[in-house]
Amino acid sequence: QVQLVESGGGLVQAGGSLRLSCVASRRAPSTLIMAWFRQAPGKEREHVAAIRGSDNSAYYGDSVKGRFTISRDNAKNTVYLQMNSLKPEDTAVYSCAAGPGYGDYSLGGSYTYWGQGTQVTVSS
């Protein structure tokens with residue numbers, strides 16, 4: 001079992017920045033790929049970014065490309081999401097996920113473990 005704990009959410013004005021962190025309780029084959037998803041009220045869950053532990057290959061959803069950066073520190077079992085140029089439409093609960101790296105990285109079903117989520121609110 002792997003526990004994921006997110007932090008770093010909050011309220012920020014449009015154009016501002018936030019950095020989210022997700023700490024995994026341990027390193028395991030099931031954490032080979034880690035990702036961030038978000039879900040706004042009344043909307044479907046959306047893939048934000050993913051990163052592979054083997055080579056740090058990163059993947060982004062179209063709506064955040066060029067504004068968000070995902071990174072990981074394997075020694076600390078931590079993945080980060082640096083969010084710049086935030087927009088009101090980025091408001092959502094952001095959840096961290098970890099998986100073995102099989103399947104489509106943009107689909108929630110490819111991940112085994114999930115964090116509780118952290119709220120990000122961007123005011124206009």
- Could you go step by step and tell me if Ser95 and Glu6 meet the side-chain contact (heavy atoms from CB on, under 4.5 Å) rule? CA-CA 7 Å; Ser95 298; Glu6 304 100 332; 3.9 Å; yes
- Message: Is the positively charged end of Arg19 above the ring of Tyr80, judged by distance under 6.0 angstrom from the centroid and angle within 45° of the axis?
- Response: yes
- Message: Apply side-chain contact (heavy atoms from CB on, under 4.5 Å) to residues Ser17 and Met83 and explain how you reach the verdict.
- Response: CA-CA 5 Å; Ser17 299; Met83 305 186 294; over 6 Å; no
- d(Tyr60 OH, Thr69 OG1) to nearest 0.5 Å is 4.5 Å
- Closest approach of Gly99 and Tyr111, non-hydrogen atoms and distance? N-CD2, 3.7 Å
- Does some side-chain heavy atom of Arg26 sit less than 4.5 Å from a side-chain heavy atom of Val2? yes
- Check the angle between the aromatic planes of Tyr94 and Phe68 and answer parallel, tilted or perpendicular using the 30° and 60° thresholds. tilted
- Query: Is there side-chain contact between Met34 and Cys22, with heavy atoms separated by less than 4.5 Å?
  - Reply: yes
- Message: Testing the basics here: between Ala40 and Thr91, what is the closest heavy-atom pair and its distance to 0.1 Å?
- Response: CB-O, 3.6 Å
- Minimum-distance pair of heavy atoms, taken over all atoms of Ile33 and Ala50: CD1-CB, 4.2 Å
- Item | Validation row: Arg67, Lys87 side chains within 4.5 angstrom (heavy atoms) | yes
- Note on the structure: Here the gap from Thr118 atom OG1 to Leu81 atom CG, rounded to the nearest 0.5 Å, amounts to 11.0 Å
- Message: Would you say Ser63 and Arg38 are linked by a side-chain donor-acceptor pair, where the criterion is simply a distance under 3.5 Å?
- Response: yes
- Note on the structure: Distance col, row Cys96:SG vs Gln116:CD, nearest 0.5 angstrom, shows 11.5 Å
- Message: If you define the side chain from C-beta out and look only at heavy atoms, does anything of Asp90 sit under 4.5 Å from Val120?
- Response: no
- Does Arg52 reach the side chain of Leu32, with side-chain heavy atoms less than 4.5 Å apart? no
- Query: For the rings on His47 and Tyr105, is their centre-to-centre separation under 6.0 Å?
  - Reply: yes
- Between Lys65 and Asp62, does a salt bridge (charged side-chain N to carboxylate O under 4.0 Å, His left out) hold up when you go through it step by step? CA-CA 5 Å; Lys65 283 180 181 177; Asp62 289 340; 3.2 Å; yes
- Task: Establish, yes or no, whether the cationic atom of Arg45 lies under 6.0 Å from the six-membered ring centre of Trp36 and within 45° of the ring axis.
- Result: no
- Note on the structure: Between Ile70 and Ala58, the two heavy atoms sitting closest are CG2-CB, 3.7 Å
- Query: Can you name the nearest heavy-atom pair linking Thr112 to Pro100, along with the distance?
  - Reply: OG1-CD, 3.6 Å
- When every non-hydrogen atom of Ala24 is compared with those of Leu4, the smallest separation belongs to CB-CD2, 3.7 Å
- Task: Treating Ile, Leu, Val, Met, Phe, Trp and Tyr as nodes and any side-chain heavy-atom pair under 4.5 angstrom as an edge, say whether Val79 and Tyr113 lie in one connected cluster.
- Result: yes
- What distance do Ser71 atom OG and Ile51 atom CD1 have between them, rounded to the nearest 0.5 Å? 6.0 Å
- Connected via hydrophobic side-chain network under 4.5 Å: Leu20 and Val12: yes
- Message: Would you say Ser110 and Asp104 are linked by a side-chain donor-acceptor pair, where the criterion is simply a distance under 3.5 Å?
- Response: no
